[in-house]
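What follows is a single structure, written as structure tokens, with notes after it.
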Amino acid sequence: VQLQASGGGLVQAGGYLRLSCVASWRIYSSSVMGWFRQAPGKEREFVAAIRWGSQLTYYADSVKGRFTISGEKATNTIYLQMNSLNAEDTAVYYCAASYRGLSTVANEYGSWGQGTQVTVSS
């Protein structure tokens with residue numbers, strides 16, 4: 001069971017990035033896939049999640065309207081399109097899988113990717 005995240009990098013404020021996360025298994029319809037982020041000295045925080053079966057999405061208030069989470073069932077890939085980036089978005093971004101339903105709590109997610117660094121320069 002492995003989640004492989006990619007797509008991070010350095011971008012100027014106002015720019016955009018798209019993160020990808022590929023699961024090494026067939027994601028079950030009952031699963032919830034999420035993105036979290038952790039900035040230096042801060043706790044890991046919820047960013048967005050998607051119910052795999054229905055593709056219903058949920059966002060943290062801080063990214064609502066700027067970020068879009070999506071899933072591609074054929075390739076078991078989760079995307080995070082990030083627009084209008086600002087310095088506060090700088091963090092390591094992690095993808096994760098939950099088998100306990102939709103949650104914003106990191107401990108509810110049982111599988112984690114290795115993280116990809118996003119740095120936004122102001």
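Values below: every heavy atom of this structure, side chains too, minus hydrogens, waters and symmetry copies. Quick caveat, the model's predicted, so the values are computed rather than measured.
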Practice task
Show your reasoning for whether side chain to side chain contact (heavy atoms under 4.5 Å, CB included) applies to Leu80 and Phe67.
Solution key: CA-CA 7 Å; Leu80 186 69; Phe67 291 12; 4.2 Å; yes
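Residue Ser70 holds its OG atom at 7.5 Å from CD of Gln55, rounded to the nearest 0.5 Å. Annotation: the span from Leu85 atom CG to Ser121 atom OG amounts to 10.0 Å, rounded to 0.5 Å. Tyr58 OH to Ser103 OG: the interatomic distance, rounded to the nearest 0.5 Å, is 9.5 Å. Between Trp35 atom CH2 and Ile50 atom CD1 the span is 12.0 Å, to the nearest 0.5 Å. Here the OG atom belonging to Ser30 is positioned 10.5 Å from the CZ atom belonging to Arg51, to the nearest 0.5 angstrom. Between the CD1 atom in Ile27 and the OG1 atom in Thr77 there is a gap of 7.5 Å [rounded to 0.5 Å].
Remark: the backbone N or O of Val120 is paired with a side-chain donor or acceptor of Thr90 at under 3.5 angstrom. A donor-acceptor pair under 3.5 Å links the side-chain atoms of Arg66 to the main chain of Ser84, judged by distance alone. Of the possible donor and acceptor atoms, none in the side chain of Thr116 sits under 3.5 Å from a partner among the backbone N and O of Ala5.
No continuous path of hydrophobic side-chain contacts links Val32 to Val63 [ILVMFWY only; heavy atoms under 4.5 Å]. Neither Trp52 nor Val22 shares a network with the other; the hydrophobic side chains, linked directly or stepwise wherever heavy atoms of I, L, V, M, F, W or Y lie under 4.5 Å apart, form separate groups for each. Cluster membership for Leu17 and Tyr59, using ILVMFWY side-chain heavy atoms within less than 4.5 angstrom, is shared. In the hydrophobic cluster analysis, where Ile, Leu, Val, Met, Phe, Trp and Tyr join through side-chain heavy atoms closer than 4.5 angstrom, Val11 is grouped together with Leu19.
Counting heavy atoms from C-beta outward, Leu3 and Tyr94 have side chains that stay 4.5 Å or more apart. In this structure, Asp89 and Met82 have side chains that are not in contact, with every pair of non-hydrogen atoms separated by 4.5 Å or more. Ile69 is listed as a side-chain neighbour of Ile78, based on a closest heavy-atom distance under 4.5 Å.
Heavy atoms from other residues, nucleotides or ligands lying under 6.0 Å from OH of Tyr99 number more than 12. Under a cut-off of 6.0 angstrom, the local environment of OH in Tyr79 is crowded, with over 12 non-hydrogen atoms contributed by other residues, nucleotides or ligands.
With sequence neighbours left out, Asp61 forms a side-chain hydrogen bond (donor to acceptor under 3.5 Å, both in side chains) with Lys64. By the side-chain hydrogen bond (donor to acceptor under 3.5 Å, both in side chains) test, Tyr93 pairs with Arg37, sequence neighbours left out.
The shortest non-hydrogen separation linking Trp112 to Ala106 is CZ2-O, 3.4 Å. Taking each heavy atom of Trp25 and Ser111 in turn, the nearest pair found is CH2-CB, 4.4 Å.
Sorted by first and then second residue, the pairs that involve residues 42-117 and meet disulfide (SG to SG under 2.5 Å), not counting sequence neighbours, are Cys21-Cys95.
The aromatic ring centres of Tyr109 and Phe36 sit less than 6.0 Å apart.
With hydrogens and angles left out, the side-chain atoms of Gln117 and Thr119 include a donor and acceptor closer than 3.5 Å.
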